[in-house]
Amino acid sequence: QVHLEESGGGSVQPGGSLRLSCVVSGYADNKYCIGWFRQVPGKEIEGVVVRDQLGGMLYSDPLKGRFTLSLAGNKTKPVLYLQMDNLKPEDTATYYCALNAIGWPRCTLTPGSYETWGQGTQVTVSS
């Protein structure tokens, strides 16, 4: 059974940085799309950045340049990171890691195409 577990959320002042982590376990397919999404209370989940099995990245245009996705760890237990810099109050949200088995070349930022989700980690940007 695939399991995603996020960590690293917290409170930070505007202009600060945070790094989120997502530990992936139980996924054995070589084909995948994996990435980060976020949800502000009362709003729909939006895509932040996703990555395919070949290393291709797709960023949400408004967030490009401040948010950086990377993948580390080993094949049996990879870890997905989201480095967030120059954070703004509007970045306050619950951040989720999500995965699907579609893979390159069809990875998108559409939340509905992802079937496996973590529990989320809260990020609060406030002075």
Side-chain angles (χ1 to χ4, degrees):
Q1 184 177 359
V2 183
H3 183 70
L4 306 177
E5 185 164 352
E6 304 99 331
S7 62
S11 295
V12 64
Q13 292 187 340
S17 297
L18 278 175
R19 188 174 79 157
L20 306 182
S21 301
C22 172
V23 177
V24 183
S25 58
Y27 189 76
D29 201 328
N30 288 325
K31 191 169 64 171
Y32 60 82
C33 302
I34 189 167
W36 292 94
F37 296 77
R38 68 184 188 181
Q39 186 172 31
V40 176
K43 295 189 176 181
E44 294 185 352
I45 292 179
E46 64 169 338
V48 175
V49 55
V50 298
R51 181 192 189 277
D52 61 45
Q53 74 275 17
L54 299 180
M57 307 274 195
L58 178 62
Y59 283 88
S60 168
D61 284 340
L63 302 177
K64 206 171 185 177
R66 295 193 299 118
F67 287 22
T68 305
L69 181 148
S70 60
L71 185 66
N74 55 48
K75 191 173 181 180
T76 55
K77 206 160 191 178
V79 182
L80 191 73
Y81 295 103
L82 182 66
Q83 177 67 39
M84 305 186 294
D85 298 315
N86 190 22
L87 283 162
K88 304 176 180 181
E90 53 264 39
D91 294 320
T92 295
T94 302
Y95 285 73
Y96 297 91
C97 178
L99 170 75
N100 70 32
I102 297 174
W104 178 90
R106 295 187 290 148
C107 292
T108 73
L109 290 167
T110 305
S113 65
Y114 292 78
E115 68 265 8
T116 303
W117 292 78
Q119 82 288 351
T121 185
Q122 177 67 35
V123 171
T124 302
V125 185
S126 158
S127 55

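Heavy atoms only: backbone and side chains are in, while hydrogens, waters and symmetry mates are out. As the structure is a computational prediction, the values presented were derived from the model and not from experiment.
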Spacing of CZ belonging to R38 relative to CE belonging to M84, to within rounding of 0.5 Å: 9.0 Å
Note, S25 side chain near H3 side chain (heavy atom, < 4.5 Å): yes
Single-linkage hydrophobic cluster, 4.5 Å side-chain cutoff, V24 and I102 together: no
Backbone of G9 reached by a side-chain donor or acceptor of T121 within 3.5 Å: yes
Shortest non-hydrogen contact between L87 and R66, atoms and distance: CA-NH1, 3.8 Å
Plane angle bin for W117 and Y96 - parallel if under 30°, tilted between 30 and 60°, otherwise perpendicular: perpendicular
Verify same cluster id: L4, I45 (apolar side-chain graph, 4.5 Å): no
Axial cation check for Y81 ring with R19, 6.0 Å and 45° limits: yes
Q39 backbone acceptor or donor facing E46 side chain under 3.5 Å: no
Linked, directly or transitively: Y27 and F37 (ILVMFWY side chains, under 4.5 Å): no
E44, CD atom: more than 12 neighbouring heavy atoms under 6.0 Å: no
Pair F67-L82, side chain to side chain contact (heavy atoms under 4.5 Å, CB included): steps then yes or no: CA-CA 7 Å; F67 287 22; L82 182 66; 4.2 Å; yes
same_hphob_cluster(L71, V79) at 4.5 Å side-chain heavy-atom cutoff: no
Student check: side-chain heavy atoms of Q83 and S17 closer than 4.5 Å: yes
same_hphob_cluster(V125, L63) at 4.5 Å side-chain heavy-atom cutoff: yes
Nearest non-hydrogen partners of V2 and G26, listed with the distance: CG2-O, 3.7 Å
Side-chain polar contacts of residues 105-116 - donor-acceptor pairs under 3.5 angstrom, sequence neighbours left out - could you list them?
from	atom 1	to	atom 2	distance (Å)
T108	OG1	T110	N	3.2
T108	OG1	T110	OG1	3.4
S113	OG	T110	O	2.8
Y114	OH	T108	O	2.6
E115	OE2	A101	N	3.4

S127 backbone acceptor or donor facing Q13 side chain under 3.5 Å: no
Side-chain (Y59) to main-chain (V50) donor-acceptor, under 3.5 angstrom: no
Side chain to side chain, S126 and P89, heavy atoms closer than 4.5 Å: no
Backbone of Q119 reached by a side-chain donor or acceptor of E6 within 3.5 Å: yes
Partner of V123 under side chain to side chain contact (heavy atoms under 4.5 Å, CB included), chosen from D91, L20, T92, T94: L20
Ignoring hydrogens and angles, write down the donor-acceptor pairs under 3.5 Å from the side chains of residues 29-36, residues two or more places apart or on other chains.
from	atom 1	to	atom 2	distance (Å)
D29	OD1	K31	N	3.0
N30	OD1	K75	NZ	3.1
Y32	OH	R51	NH1	3.1

